[in-house]
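What follows is a single structure, written as structure tokens, with notes after it.
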Number of protein chains: 2
Amino acid sequence: MSTAYAALSLPLRREILDQLRAGPATVGDLAEALGVPQAVASKQLGILREAGFVQARADAQRRWYALLPEAFTEVAQWLEPYRWLWEDRLDRLGDRLDQMQEHDQMQEEEQS
Amino acid sequence: MSTAYAALSLPLRREILDQLRAGPATVGDLAEALGVPQAVASKQLGILREAGFVQARADAQRRWYALLPEAFTEVAQWLEPYRWLWEDRLDRLGDRLDQMQEHDQMQEEEQS
DNA sequence: TCGGTATATTCCTTGACGGGAATATACCGA
DNA sequence: TCGGTATATTCCCGTCAAGGAATATACCGA
């Protein structure tokens, strides 16, 4: 359960991460939002924290959990070499494949 | 073990995928390249196939396994909404460190 | 100090996975 | 048809994860 991938293997943990996209939340908030006992939420948050997906900031008795780039970056980087696999299949329609020019000239393209 | 994420949780399976980036390979090839028994390779390939990462093409007794976009796309799409997390951190690292305390203020308590 | 609140941890049971060994299945060439 | 080759499947076992229940820990307000 140490790796980031293993942490993502449980749907509940992915739901927690999805939930945290709305902003930091406490264990109780997440437990209620996802309909699971407090102990379960706490345990899974511990695993997500250990894997580097989230971070806890103490505020008296409560812990505000928030997303952390760490593990996401790890997964994204592993996935990167496979990008061609699905990319030149998704834009199969426009043929305007100017492949991988990620952070080069991303000034004004908000009308995608 | 049904989801793509669960399939990625085992290092050996990720190694198989990495290996397949070089092109299609047979079970025996992969087993030898990764130093595992044939049965182990076959079993893990079955899991990867079930998860949609690879595809098997029969050629007499051998099976040529090749990468398949399916599951990669699934993972990539799930990861996409989190992209801002690590992107505007690689770009402007060091300025956006106060993202997670929008609606509460810290009162200089690093030594309590 | 004393509840009351919020979270973490432990114990326990059930179920599933990973890997080894052996066997089964499918196919080739002669 | 008969080995020989390549792969899949089954059985077994050690290990570990998930969840529930209960408890422990830490902190607040009065």
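Proteins come first, then strands; the chains are lettered A, B, ... in the order of their sequence lines, and each starts at number 1.
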Atom-pair distance (CG on B:Leu34; P on C:dG18), nearest Å: 15 Å
Transitive ILVMFWY side-chain link B:Val27 to B:Trp64, under 4.5 Å: no
In whole angstrom, what separates A:Arg14's CZ from D:dA18's C1'? 15 Å
Side-chain N,O (B:Tyr65) to OP1/OP2 (D:dA6) below 4.0 Å: no
Could you tell me if the ring centre of A:Trp78 sits under 6.0 Å from that of A:Tyr82? yes
Show your working on side-chain contact (heavy atoms from CB on, under 4.5 Å) between A:Tyr65 and A:Arg57 and close with a plain yes or no. CA-CA 6 Å; A:Tyr65 278 89; A:Arg57 188 171 64 81; over 6 Å; no
Quick check: is B:Tyr5 connected to A:Leu68 through a chain of hydrophobic side chains (ILVMFWY, heavy atoms under 4.5 Å apart)? no
Calculate the interatomic distance between A:Ile47 atom CD1 and C:dA8 atom C1'; express it in whole Å. 13 Å
So does A:Arg62 get a side-chain nitrogen or oxygen closer than 4.0 Å to the phosphate oxygens (OP1/OP2) of D:dC28? no
What class does the angle between the rings of B:Phe53 and B:Phe72 fall in, given that below 30° is parallel, 30 to 60° is tilted and above 60° is perpendicular? perpendicular
Could you tell me the separation between the CD atom of A:Glu50 and the C1' atom of C:dT9, rounded to a whole number of Å? 14 Å
Value in whole Å for how far the C1' atom of D:dA6 lies from CD of B:Gln61: 6 Å
note: B:Gln55, atom CD; D:dT7, atom C1'; distance rounded to Å ~ 17 Å
Under 3.5 Å: donor-acceptor pair, side chain of B:Arg62, backbone of B:Ala25: no
Counting only heavy atoms and a strict 4.0 angstrom limit, can you tell me which residues of residues 17-30 of chain B come near DNA chain D? B:Thr26, B:Val27, B:Gly28
Would you check if A:Leu17 and A:Leu8 make a side-chain contact, meaning some heavy-atom pair closer than 4.5 Å? yes
What integer distance in Å separates A:Arg57:CZ from C:dA8:P? 14 Å
Could you tell me whether A:Arg21 and A:Asp18 make a salt bridge, using a distance below 4.0 angstrom between a side-chain N and a carboxylate O? yes
Do B:Val40 and B:Leu12 have side chains that approach each other closer than 4.5 Å (heavy atoms only, starting at C-beta)? yes
Would you mind classifying the nucleic acid contact of A:Leu45 as base, sugar-phosphate or nothing, using non-hydrogen atoms under 4.0 angstrom? nothing
Quick one, A:Ile47 with A:Gln44, criterion side-chain contact (heavy atoms from CB on, under 4.5 Å). Give me CA distance, side-chain angles, the key distance, then yes/no. CA-CA 5 Å; A:Ile47 293 175; A:Gln44 304 307 330; 3.6 Å; yes
So what does A:Arg13 touch, heavy atoms closer than 4.0 Å: a base, only the sugar-phosphate, or nothing? sugar-phosphate
Check whether A:Ser42 reaches the backbone of A:Gln38 with its side chain - one donor and one acceptor, N or O, closer than 3.5 Å. no
Using the rule given for side-chain contact (heavy atoms from CB on, under 4.5 Å), can you reason through B:Leu20 versus B:Leu30, listing the C-alpha separation, both sets of side-chain angles and the distance that settles it, and then say yes or no? CA-CA 8 Å; B:Leu20 285 177; B:Leu30 294 169; 4.2 Å; yes
Specify the angle, to 10°, made by the local axes at the two ends of the helix from C:dT1-D:dA30 to C:dA30-D:dT1 when five pairs are taken at each end. 30°
Interface residues of residues 35-44 of chain B with DNA chain D (non-hydrogen, below 4.0 angstrom): B:Gln38, B:Ala39, B:Ser42, B:Lys43
Rounded to whole angstroms, how far apart are CG on A:Leu8 and P on D:dA18? 12 Å
